[in-house]
Amino acid sequence: MAAKPDARVPRHLAIVMDGNGRWAKQRLRPRTFGHHAGQKAVKEAVEFCLRRGIGSLTLFAFSSENWKRPATEVSALMELFLKALDKEVDELHGNGVRIRFVGDLDAFAPELRARMLGAMDRTAGNTSLNMNVAVNYGGRWDIANAARLAIEAIARGEFAATELDEARLQHYTCLADQPPLDLFIRTGGEHRVSNFLLWQLAYAELYFTDTLWPDVDQACLAEALDDYARRERRYGRTGEQVATG
Ligand code: FPP
């Protein structure tokens, strides 16, 4: 019989990687220096998930609102994503990581989009870790997009409008095939979700740390997991009901 998964380890971890700009400012360097440094923390997070047996990791790399940043920062981020794809995909693939970009990819330059699709194709058969990189992503977009896809399915006669319930709508959201989101981490000291994974956050545990993203390492992530392991997840039930199974 297969071993029962350890409920104290999240099956799906999502991270808002915040604080790159402040990390750079503390060092009197441009914000883009912080984004570059943030890449190392991405590697730490991937390594951590592989070691701890966390099946899905979803990272907020670029929100639909991030286009409003200065043009120089946006283009530096695009450049960085391109370079990261060229540099890291081999190693991620070698480690059995399945890469997926979630969000509205149509807004990206054709070259970058082609690289994203190429990385997804190449790693599609991997099973050690699902690494979902949210780019041009917004939680409200995800829900609206799911609603549009469901309406299109209704129009094709696949099911009746009266049958559209939570489970059906969920099917059209970005991470529908992944385990439910267990743990949401935001680094950088802000206590908000910033339009990330709004649907998926319904029963996630939230963890906030002041650590700026480029400083995040294995110990910092281990602290978040220790905290998570102490949480009592009730899903609407009473503490007594949870205790008696
Ligand atoms: C938020 O910090 C960070 C971002 C908008 C970009 C995240 C990108 C990376 C970590 C680079 C590497 C990622 C991948 C997937 C290769 P901020 O700029 O808002 O920081 P601040 O709040 O201190 O200004």
Side-chain angles (χ1 to χ4, degrees), residues 13-50 56-93 95 97-105 107-109 111-113 115-120 122-123 129-139 141 174-175 184-197 208-217 220-221:
L13 166 66
I15 310 181
V16 175
M17 311 180 286
D18 198 15
N20 293 348
R22 279 165 286 160
W23 187 90
K25 196 171 174 197
Q26 284 171 1
R27 288 157 181 79
L28 309 176
R29 301 295 296 268
R31 296 176 54 80
T32 48
F33 182 70
H35 296 317
H36 279 274
Q39 277 187 91
K40 196 180 128 276
V42 171
K43 289 184 87 158
E44 292 272 338
V46 169
E47 210 179 295
F48 182 81
C49 290
L50 286 167
S56 291
L57 169 68
T58 303
L59 300 170
F60 207 6
F62 194 82
S63 77
S64 29
E65 289 75 33
N66 284 153
W67 296 108
K68 295 179 203 152
R69 293 191 172 200
T72 47
E73 182 171 343
V74 172
S75 59
L77 272 168
M78 296 300 139
E79 185 72 14
L80 189 144
F81 293 148
L82 257 181
K83 287 210 174 115
L85 276 166
D86 284 346
K87 215 171 105 207
E88 308 295 345
V89 172
D90 280 347
E91 190 179 333
L92 290 166
H93 186 45
N95 286 325
V97 177
R98 178 177 185 178
I99 307 169
R100 208 166 329 170
F101 291 92
V102 295
D104 186 358
L105 304 189
F108 293 105
E111 190 195 359
L112 180 51
R113 198 168 60 239
R115 289 292 171 103
M116 288 176 180
L117 297 174
M120 287 199 268
R122 189 166 164 218
T123 61
L129 170 68
N130 286 303
M131 179 189 182
N132 311 302
V133 185
V135 285
N136 194 25
Y137 175 90
W141 167 83
C174 269
L175 302 170
F184 165 98
I185 298 177
R186 182 176 187 138
T187 66
E190 309 285 3
H191 293 188
R192 53 179 172 253
V193 297
S194 297
N195 198 19
F196 192 34
L197 301 176
F208 299 97
T209 171
D210 289 338
T211 306
L212 302 174
W213 177 249
D215 288 329
V216 167
D217 57 11
C220 176
L221 295 167

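Note that the structure is a prediction, hence the values are computed from the model and not measured. Both counts, for ligands and for their atoms, begin at 1 and track the order of listing.
Note that CD of Glu91 is 4.5 Å distant from NZ of Lys43, once rounded to the nearest 0.5 Å.
Closest heavy-atom contact between Leu197 and Ala14: CD1-CB, 3.5 Å.
Between the side chain of Trp23 and the main chain of Gly34, no donor-acceptor pair closer than 3.5 Å is present. Under the 3.5 Å distance criterion, the side-chain polar atoms of Asn136 are matched with a main-chain donor or acceptor of Asp104. The main-chain N or O of Gly188 is found under 3.5 Å from a side-chain atom of Arg22 such that the two form a donor-acceptor pair.
Taking 4.5 Å as the limit, every side-chain heavy atom of Arg31 sits out of range of all side-chain heavy atoms of Pro70.
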Please give the N or O to N or O pairs under 3.5 Å between ligand 1 and the protein, distances rounded to 0.1 Å.
{"residue": "ligand 1", "atom": "2 (O)", "partner": "Asp18", "partner atom": "OD1", "Å": "3.4"}
{"residue": "ligand 1", "atom": "2 (O)", "partner": "Gly19", "partner atom": "N", "Å": "3.4"}
{"residue": "ligand 1", "atom": "18 (O)", "partner": "Arg31", "partner atom": "NH2", "Å": "2.8"}
{"residue": "ligand 1", "atom": "18 (O)", "partner": "Arg69", "partner atom": "NH1", "Å": "2.8"}
{"residue": "ligand 1", "atom": "19 (O)", "partner": "Asp18", "partner atom": "OD1", "Å": "3.1"}
{"residue": "ligand 1", "atom": "19 (O)", "partner": "Arg69", "partner atom": "NH2", "Å": "2.8"}
{"residue": "ligand 1", "atom": "20 (O)", "partner": "Gly19", "partner atom": "N", "Å": "3.3"}
{"residue": "ligand 1", "atom": "20 (O)", "partner": "Asn20", "partner atom": "N", "Å": "3.2"}
{"residue": "ligand 1", "atom": "20 (O)", "partner": "Gly21", "partner atom": "N", "Å": "3.0"}
{"residue": "ligand 1", "atom": "22 (O)", "partner": "Asp18", "partner atom": "OD1", "Å": "2.9"}
{"residue": "ligand 1", "atom": "22 (O)", "partner": "Arg22", "partner atom": "NE", "Å": "3.4"}
{"residue": "ligand 1", "atom": "22 (O)", "partner": "Arg22", "partner atom": "NH2", "Å": "3.0"}
{"residue": "ligand 1", "atom": "23 (O)", "partner": "Gly21", "partner atom": "N", "Å": "3.3"}
{"residue": "ligand 1", "atom": "23 (O)", "partner": "Arg22", "partner atom": "N", "Å": "2.7"}
{"residue": "ligand 1", "atom": "23 (O)", "partner": "Arg22", "partner atom": "NE", "Å": "2.8"}
{"residue": "ligand 1", "atom": "24 (O)", "partner": "Arg31", "partner atom": "NH1", "Å": "3.0"}
{"residue": "ligand 1", "atom": "24 (O)", "partner": "Arg31", "partner atom": "NH2", "Å": "3.1"}

